[in-house]
Amino acid sequence: MADDLGDEWWETQPAGASSSPASDGEGGDTAMMQQETAPVRALSKKTEQPKECFLIQPKETNEDATKTRKRKKKKITDVLAKSEPKPGTPEDLQKLMKDYYSSNRSVIELEELTLPDSCFLKANDLTHSLSSYLKEICPKWVKLRKNHSEKKSILMLIICGSAIRALELIRSMTAFRGDSKVMKLFAKHIKIQEQVKLLEKRVVHLGVGTPGRIKELIKQGGLNLNPLKFLVFDWNWRDQKLRRMMDIPEIRKEVFEILEMGVLSLCKTESLKLGLF
């Protein structure tokens, strides 16, 4: 009878009902399962909380990106500082000209801007001082200087990136210039009218200056390029930011304007030679 009553009791209990003290077996297991499911629900809510933390990550990402960009700028300078300097070549100048004019010149016009190889002097291989380089490219300088008597002109023109650099070059070429008359051709502390008057009164053999002032002197008729025999670019020197003269857009633009003001035509007739120091 006890067994029959026990069977009837299990059949009449609703699903999930607690067991009587006499039945600790399966009823106890059911209660434990209900207790285990409760903390699972609580954990599921907790597991959703870390998703809120991802909302602050974009700010951290932006800050990290900014720091990365700053680091990259410093690394570029470091790489340039540690990299071995490469001397400029005539091909470098030709490529710069093509890149500069390619957007607004036709193919035929670009070909007209191409300089003949014969107009280029031997480039500095970074072993020369300015005096030793000028002696190598112009061994007959003394004879040329003595035969030059035309005013408003010069025999050799050296173009650099700044007035300070021009003064450095003038001081470093004493072993070459000898008795030559040298003129500063830059704008710092010197008015262009004064330079025009000096060129009209004196015979000048050497000119060292910046492309901006040289271009203005040519425009105003104070400087005639026809007697010019040597045009030397201060090509390889770098400033504190590791920029060469032709790396600065304003200077590069003025250099190309000078080339179009008569230099290209003189190079093609082989009366003018170009050097990269």
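Just so it is clear, the structure is predicted and the values come from calculations on it, not from any experiment.
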Which label fits Tyr100 and Phe256: parallel for a plane angle under 30°, tilted from 30 to 60°, or perpendicular past 60°? tilted
Would you call Glu260 and Arg105 a salt bridge, using N to O less than 4.0 angstrom? yes
With Val203 as partner, the option from Lys152, His148, Lys181 fulfilling side chain to side chain contact (heavy atoms under 4.5 Å, CB included) is His148
Is any side-chain N of the basic residue among Glu200 and Lys151 closer than 4.0 Å to the acidic one's carboxylate O? no
Atom pair CE/CG of Met246 and Leu93 - distance to nearest 0.5 Å: 6.0 Å
Restricting to pairs with a member in residues 217-250, which pass ring-ring contact (aromatic ring centres under 6.0 Å, His included), not counting sequence neighbours? none
Do Leu157 and Leu167 sit in the same hydrophobic cluster, where Ile, Leu, Val, Met, Phe, Trp and Tyr count as joined when their side-chain heavy atoms come under 4.5 Å apart? no
For residues Thr269 and Ser271, is any side-chain donor paired with an opposing acceptor at under 3.5 Å? yes
More than 12 foreign heavy atoms under 6.0 Å from CG of Asp99: is that the case here? yes
In the structure I gave you, are the side-chain heavy atoms of Cys119 and Glu270 within less than 4.5 Å of one another anywhere? no
Side chains of Val263 and Ile258: closer than 4.5 Å at any heavy-atom pair? yes
Under a 4.5 Å cut-off applied to non-hydrogen side-chain atoms, are Met261 and Lys219 in contact? yes
Using a strict 4.0 Å threshold on nitrogen-to-oxygen distance, state whether Asp92 and Lys95 make a salt bridge. no
Please determine whether a side-chain nitrogen of the Lys or Arg among Lys191 and Glu194 lies less than 4.0 Å from a carboxylate oxygen of the Asp or Glu. no
With a cut-off of 6.0 Å (strictly less than), are more than 12 heavy atoms of other residues, nucleotides or ligands near CD1 of Ile164? no
Of Met183, Met173, Lys184, which meets side chain to side chain contact (heavy atoms under 4.5 Å, CB included) against Val208? Met173
